[in-house]
Peer 1: 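Structure incoming, see below.
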Amino acid sequence: MSTGPPLTEVELVSAWDRALGQPAARRPLLLLGREDADRLPVGEVAALLLTTARTWAGDRVEAVLDCPACPERLEVGFAVADLLAAAPDWPHEPGPTGDEPGAATFTLRWRGHRLTLRLPTPADLEGAARAGDAAAAERWLLRACLLAADPPLDNPVAALPEVSAAMAERDPLGVVAVGLTCPGCGTATEALLDLPAWAWQAVDARVRRLLGEVHRLARAYGWSETEVLGLGPHRRAAYLEQVP
Ligand SMILES: [Zn+2]
C-alpha cells in the first residue's frame, strides 16, 4: 500500500479546512489528498485513512455505542495495527488465473454463471445511500458492481449473499462489524465501525487543538498561523510552556 509521506501540520490544517466545506460523508476522503479517493475500494480508503489518522491520533480506534436494549453505553476499542493487518496489500497483482485485471475487479462462480464484479467504492456507497432502505441500497450496490454475468442472470438479487461474502473476503476493511455483549443487560449486539468517520474525528480534534495553540502563541508573540505551525511540535510546546 503506498501512502506517500505523511501530511505536514500546515497541509493537515489546509485539508481540514477544505473538507469542512463538504458534506460529512465526503470529509474523510479529502484528508487523503488523492483525486481517485472515491473510486478506490472502500476498505482501501479505510486503510489509507487509518494510516493518516494514526499519525495524528495514536494507535487506538475507540468508539462508544448505545446498547439497543438498555441505557448502557458500550465501549469498543481496537489497535489500528490490528485493523491494518487485516487489510490486503493493495493493489492486488493479477491472480494466477489472469482473472483479476485490477485491484477492484474479480470473478465469482455462482450456480453455473461466471460473474465479473468489482469492489464497492465510496462513490458507490454515496449512490446506495440515496437508494432508500438497506435492502434497496444493497440492490443498488449489486447493480453498480456487477460488471458482467455469463450466461446472463434472470434475477441478480438471488446472488446477493454469495456476492456480499466474496466482497467481504476480498475487502475485509470494507465493512468492519464487531460483536458486543452489554455488561448491563447481557444483550448481544453487532455494531459497524465507521472507520472513515473515526479518522475524521481524530483529525478534527487534532486540528482544533493545533489552532488553539496557534491562538495562544499568536496572542503572546504576534506570530502568524504559518509561523506558529512552522515551528514544529517540539519548539511549539517549549514556547507554550512560557505562555501563562
Ligand atoms: Zn444493555
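These figures come from a predicted structure and were not determined experimentally. Atoms within each ligand, like the ligands themselves, are counted from 1 in listed order.
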Peer 1: A quick test of your reading: do over 12 heavy atoms of other residues, nucleotides or ligands sit less than 6.0 Å from CD of Glu75?
Peer 2: no
Peer 1: Between Leu153 and Leu146, is any pair of side-chain heavy atoms under 4.5 Å apart?
Peer 2: yes
Peer 1: State whether a side-chain donor-acceptor pair under 3.5 Å links Asp124 with Thr121.
Peer 2: yes
Peer 1: With the side chain counted from C-beta on, respond yes when Val228 and Arg216 share a heavy-atom pair under 4.5 Å apart, and no when they do not.
Peer 2: no
Peer 1: Going by chain and residue number, what protein N/O/S atoms come nearer than 2.8 Å to the Zn ion (ligand 1)?
Peer 2: Cys67 SG, Cys70 SG, Cys182 SG, Cys185 SG
Peer 1: So, do Met167 and Pro41 sit near enough that their side-chain heavy atoms are less than 4.5 Å apart?
Peer 2: no
Peer 1: At what distance, to the nearest 0.5 angstrom, does CG of Leu84 lie from CG of Leu48?
Peer 2: 9.5 Å
